[in-house]
**Student:** 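Pasting a structure below so you can have a look.
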Amino acid sequence: MSEASSTKSDFIREIIAADLASGKHETTVTRFPPEPNGYLHIGHAKAICLNFGIARENAASGARCHLRFDDTNPSKEEVEYVQSIKEDVAWLGFDWGENLFFASDYFEFFHDCAVALIEKGLAYVDQQSAEEIKNTRGTLTEPGKASPFRDRGVTENLELFARMRAGEFKEGEAVLRAKIDMAAPNVVMRDPVIYRVMHAHHHNTGDAWCIYPMYDFAHPLEDAKEHITHSLCTLEFEIHRPFYDWVIEHCPVPAKPRQIEFARLNLNYTVMSKRKLLTLVKEGHVSGWDDPRMPTLSGLRRRGVPAAAIRNFCERIGITKFNGVTDVALLEFEIRDYLNKEAPRRMAVLDPVKLVLTNYDEGRSEEVAVPNNPEKPEEGSRQVKLTRELWIEREDFMEDPPKKFFRLFPGGYVRLRGGYIIHCTGFQKDEHGNITEIECEYLPDTIGKDAPEGVKCKAAIHWVSAEAGVHARVRLYDRLFTVENPDAAEGGFVSVLNPDSLQTVHAWVEPALLETAPEEIVQFERLGYFVADRHEHVRGAKPVFNRTVALRDSWSRK
RNA sequence: AGCCCCUUGGUGUAAUUGGUAACACAGCUGAUUUUGGUUCAGUAUUUCUAGGUUCGAGUCCUGGGGGGGCUGCCA
């Protein structure tokens, strides 16, 4: 699974190239810094591919990319998420090597920096209530008002901050604030809170601390501590950059990282808000974070989306500062494109109806060779047993076909994929009018050969020998987690477009399918191994997945 | 409302930095095809706007329009 190393550039890579050329940096150190408060989704994939991609591109000069958990808020973070994030990054195909870090391991360092600020007269302990701080911050158009505690002396601040750490304050009774400018047009610079009291158990540090740093204060310090050269984040942090630089300038840091912002990924028809995804999980609308309808990396994985397709997608959409909405069709194309080239093919019948070859003797059988992957002849073919009685897909037969229906109908011809061309001579119905059996005659000597003169055969259908086929339970998934109206996703909550898309199906599959992935037989359901081609009758509609594509990527962790 | 950022076909991006606007996806038409997939050929659609500088502007300047972000003790 190797992508062509691309020469594609973007404004961030241009900045990096310039920094390398000027000698400002000898190599690059980037980082992917998720907060462990949820599962990674397709939007994170963009940041992962960017940061780890840059490290990969500059590997010759010793570049690296850190995986850092930004766990400075104990009230929202859980170890379950740490584990899932590591799995998802690895699955996506990236390796952080030794560079796994936790912001919580730097708590002492953050604290020292805070003390340094106090000593410089650049931070003070504010004992106003949260409400008072909010009310005196001013508005977007009016300056804020100074806290009555703003001009306390260094000694008093030092003592108070020590008492905060010692647990002498309740939550909300005191915070540490940077002393900058209450009249700054950028609200972020109006004496931002940098430490708050929180009597909470931390997943990593336990009860060692009862004061925790705020993101704005901690993040630049984390970057500096790790000698990050380019700190890449999304556009909403743009307004925070002046404070990022302020912290770097005034704290005793070992390096001076630079923050650069890029546009986050927005996909139409796709809910990407962590808060909403969390609600879906908590309220049981989905089976979990890895429900195949979720846009999470683990959900996509279970749907059978190959990691390489996601990587290709991230490369395709590029990096800019433009806040647009990407069409999921771009993602679907990359999935199809990759699967078409790489996925081994197998036949399966999800909604079976019996087909009898009336001119094929009972007891007779033969093995026909079917290519494993038409795009890769070198992958050879497999033998599939053909018998008198077969299962075919119910929807591949129509008693009364419309124009442009190329599959089976009375009097029509169709090819059994890899096998004979057959001719439909009749069918049986039960008392409810359901088709129970289709009768056909096969045309001898048509395996691997063109249709005889005068025979119109425009399609090939899947089939499984009723005698040799294997009955399995599979789960059929349809679309990405989808909402009916992209705008409605904002206001109300999810309306799942196709609530039936998560269904269990009894399917007949060719034995080779199970041989391909023996371990997965058990997990068949869990994996979302089969993703059926929707077999659209609508012309032009392309399936997201090819039919009966065996999704190699979903079980091999490469 | 103040500050910051952004604006190139339907969508996402590119344009040697001031020199013929292009690529992919999606759409449409047709051909091929042992997956209605793939492949191939063809086709429609583009620089938000008004001025300015210039021999020449998607690119530089000014004004306007539009979109996004910011008033957590979240990240």
Side-chain angles (χ1 to χ4, degrees), chain A residues 8-10 33-35 37 70-73 75-77 126 129-130 133-135 137-144 171-177 184-190 192-198 211-212 214-216 218-219 233-242 261 263 265 268 274 313 316-334 336-337 339-341 345 347 370-371 374-375 404-407 415-421 446-451 457-462 533 535-543 545-549:
Chain A
K8 181 161 175 152
S9 192
D10 51 61
E35 182 187 16
N37 67 346
D70 206 351
D71 53 355
T72 54
N73 184 350
S75 67
K76 301 173 79 174
E77 297 147 8
D126 195 342
S129 69
I133 290 178
K134 179 179 176 163
N135 293 339
R137 191 165 9 241
T139 67
L140 295 176
T141 51
E142 304 155 24
E171 292 183 15
E173 284 184 345
V175 293
L176 186 69
R177 286 231 257 175
N186 180 350
V187 189
V188 172
M189 299 298 272
R190 315 232 264 233
V193 172
I194 59 178
Y195 258 100
R196 78 281 213 187
V197 173
M198 248 183 163
I211 54 172
Y212 292 92
M214 301 291 291
Y215 167 89
D216 277 343
H219 206 86
C233 64
T234 45
L235 249 24
E236 64 267 32
F237 293 106
E238 209 161 24
I239 197 98
H240 298 249
R241 185 165 12 113
E261 310 84 13
L265 171 67
N268 57 3
K274 256 191 195 176
F313 168 70
R316 171 94 40 187
I317 59 177
I319 302 293
T320 66
K321 298 187 79 160
F322 175 63
N323 221 313
V325 180
T326 301
D327 194 331
V328 283
L330 249 27
L331 207 213
E332 293 176 345
F333 164 76
E334 293 295 348
R336 259 186 277 122
D337 189 51
L339 252 21
N340 181 53
K341 290 173 187 145
R345 316 298 210 270
M347 290 193 290
V370 185
E375 305 297 312
K404 299 274 192 185
F405 181 77
F406 302 146
R407 284 161 285 163
R415 181 182 295 277
L416 294 175
R417 186 163 164 67
Y420 297 103
I421 291 177
T446 51
I447 293 184
K449 300 189 176 167
D450 291 339
C457 176
K458 297 199 73 171
I461 63 170
H462 281 241
D533 157 34
H535 230 112
E536 306 281 358
H537 294 235
V538 187
R539 279 165 58 75
K542 290 179 183 168
F545 291 92
N546 244 346
R547 173 180 237 213
T548 62
V549 150

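Quick note on labels: first sequence line is chain A, next is B, and so on, each numbered from 1.
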**Student:** Looking at the angle O4'-C1'-N9-C4 for a purine or O4'-C1'-N1-C2 for a pyrimidine, is B/U8 syn or anti, with syn meaning within 90° of 0?
**Tutor:**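 Judged by the O4'-C1' to base torsion, B/U8 sits in anti, the angle falling more than 90° away from 0.
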
**Student:** Select one nucleotide: of B/A1, B/C73, B/C74, the one nearest the side-chain heavy atoms of A/V175.
**Tutor:** B/C73

**Student:** What residues form a side-chain hydrogen bond (donor to acceptor under 3.5 Å, both in side chains) with A/R241, not counting sequence neighbours?
**Tutor:** A/E261

**Student:** Measuring only the C1' atom in each nucleotide, how far is B/U43 from B/A26? A whole number of Å is fine.
**Tutor:**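 About 14 Å, rounded to a whole number of Å.
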
**Student:** Using a cut-off of under 3.5 Å, enumerate the N/O to N/O pairs linking the protein to nucleotides 16-18 of chain B.
**Tutor:**
none

**Student:** Which residues pass the ring-ring contact (aromatic ring centres under 6.0 Å, His included) test with A/Y420, sequence neighbours left out?
**Tutor:** A/Y442

**Student:** Would you measure the distance from the C1' atom in B/A31 across to the matching atom in B/G67 and give it in whole Å?
**Tutor:** 43 Å

**Student:** Rounding to an integer number of angstrom, what distance separates B/A21 and B/G9 when you compare their P atoms?
**Tutor:**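 Taking atom P in both B/A21 and B/G9, they lie 16 Å apart.
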
**Student:** For A/K321, give me all partners under side-chain hydrogen bond (donor to acceptor under 3.5 Å, both in side chains), at least two apart in sequence or on another chain.
**Tutor:**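 With neighbours one apart ignored, the set is A/E238.
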
**Student:** Taking B/C40 as the reference, what is the distance to B/C6 when you measure between their P atoms (whole Å, please)?
**Tutor:**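 One P to the other, the span is 38 Å.
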
**Student:** Strictly under 3.5 Å: I want the nitrogen or oxygen pairs between protein and nucleotides 67-69 of chain B, one per line.
**Tutor:**
residue : atom : partner : partner atom : Å
B/G68   : O2'  : A/N323  : ND2          : 3.2

**Student:** Name the orientation of the base relative to the sugar in B/G58: syn if the glycosidic angle is within 90° of 0, else anti.
**Tutor:**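 For B/G58, whose glycosidic angle is more than 90° from 0, the conformation is anti.
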
**Student:** Looking only at atom P, what distance separates B/U20 and B/C5, rounded to whole Å?
**Tutor:** 30 Å

**Student:** If pairs are Watson-Crick or G-U with both distances under 3.5 Å, what is the dot-bracket string of RNA chain B, marking crossing pairs with [ ] and pairs to another strand with |?
**Tutor:** .((((((..((((.....[..)))).(((((.......)))))....(((((..]....))))))))))).....

**Student:** Does any N or O in the side chain of A/R415 come within less than 3.5 Å of the main-chain N or O of A/T446, such that one atom is a donor and the other an acceptor?
**Tutor:**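 Yes, because the side chain of A/R415 sits within donor-acceptor range (under 3.5 Å) of the backbone of A/T446.
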
**Student:** Got a donor-acceptor contact below 3.5 angstrom from the A/N268 side chain to the A/V328 backbone?
**Tutor:**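 Yes, because the side chain of A/N268 sits within donor-acceptor range (under 3.5 Å) of the backbone of A/V328.
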
**Student:** Identify which nucleotide among B/A14, B/C74, B/C73 has an atom closest to any side-chain atom of A/M198, counting heavy atoms from C-beta outward.
**Tutor:**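 Taking heavy atoms from C-beta onward, the closest nucleotide is B/C74.
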
**Student:** Counting primed atoms plus P, OP1 and OP2 as sugar-phosphate and everything else as base, spell out the protein contacts along nucleotides 39-44 of chain B at 4.0 Å heavy-atom distance: B, S or - for each nucleotide, 5' to 3'.
**Tutor:** ------

**Student:** Using a heavy-atom cut-off of under 4.0 Å over every strand shown, decide if A/S129 touches base, sugar-phosphate, or nothing.
**Tutor:** base

**Student:** Kindly write out the residues that satisfy side-chain hydrogen bond (donor to acceptor under 3.5 Å, both in side chains) with A/K341, not counting sequence neighbours, or none if the list is empty.
**Tutor:** A/D337

**Student:** Determine the interatomic distance between P on B/G12 and the same-named atom on B/G51; round to the nearest Å.
**Tutor:**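 Pairwise P distance, B/G12 against B/G51, rounds to 28 Å.
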
**Student:** Measuring from the side chain of A/T320 (C-beta onward, heavy atoms only), which nucleotide among B/C70, B/U13, B/C74 has the closest atom?
**Tutor:** B/U13

**Student:** B/G19 and B/U54: how far apart are their C1' atoms, nearest whole angstrom?
**Tutor:**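 Between the two C1' atoms, the distance is 12 Å.
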
**Student:** Looking at side-chain heavy atoms only, is the closest gap between A/R177 and A/I133 below 4.5 Å?
**Tutor:**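 They are in side-chain contact.
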
**Student:** Would you classify A/A459 as touching base, sugar-phosphate or nothing, given that sugar-phosphate means primed atoms plus P, OP1 and OP2, and contacts are heavy atoms under 4.0 Å?
**Tutor:** sugar-phosphate

**Student:** Holding to side-chain hydrogen bond (donor to acceptor under 3.5 Å, both in side chains), I want the full list of residues that pass it with A/N37, two or more places apart in sequence or in another chain.
**Tutor:** A/E35, A/K274

**Student:** Run the side-chain contact (heavy atoms from CB on, under 4.5 Å) test against A/A459 and tell me which residues pass, sequence neighbours left out.
**Tutor:**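 Here the qualifying residues are A/F406, A/R407, A/V414.
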
**Student:** Among all residues two or more places apart in sequence or in another chain, which pass the side-chain contact (heavy atoms from CB on, under 4.5 Å) test with A/P185?
**Tutor:** none

**Student:** Counting only distance, no hydrogens or angles, is the base of B/G37 paired donor-acceptor with the side chain of A/R336 under 3.5 Å?
**Tutor:**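 Per atom types, no contact qualifies.
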
**Student:** Quantified in whole Å, what is the P atom distance between nucleotide B/U7 and nucleotide B/U49?
**Tutor:**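 So the two P atoms sit 15 Å from each other.
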
**Student:** Taking side-chain contact (heavy atoms from CB on, under 4.5 Å) as the definition, give me every residue that meets it alongside A/V187, ordered by chain and number, with sequence neighbours left out.
**Tutor:**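 Checked A/V187 against side-chain contact (heavy atoms from CB on, under 4.5 Å); matches are A/R137, A/L140, A/R190.
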
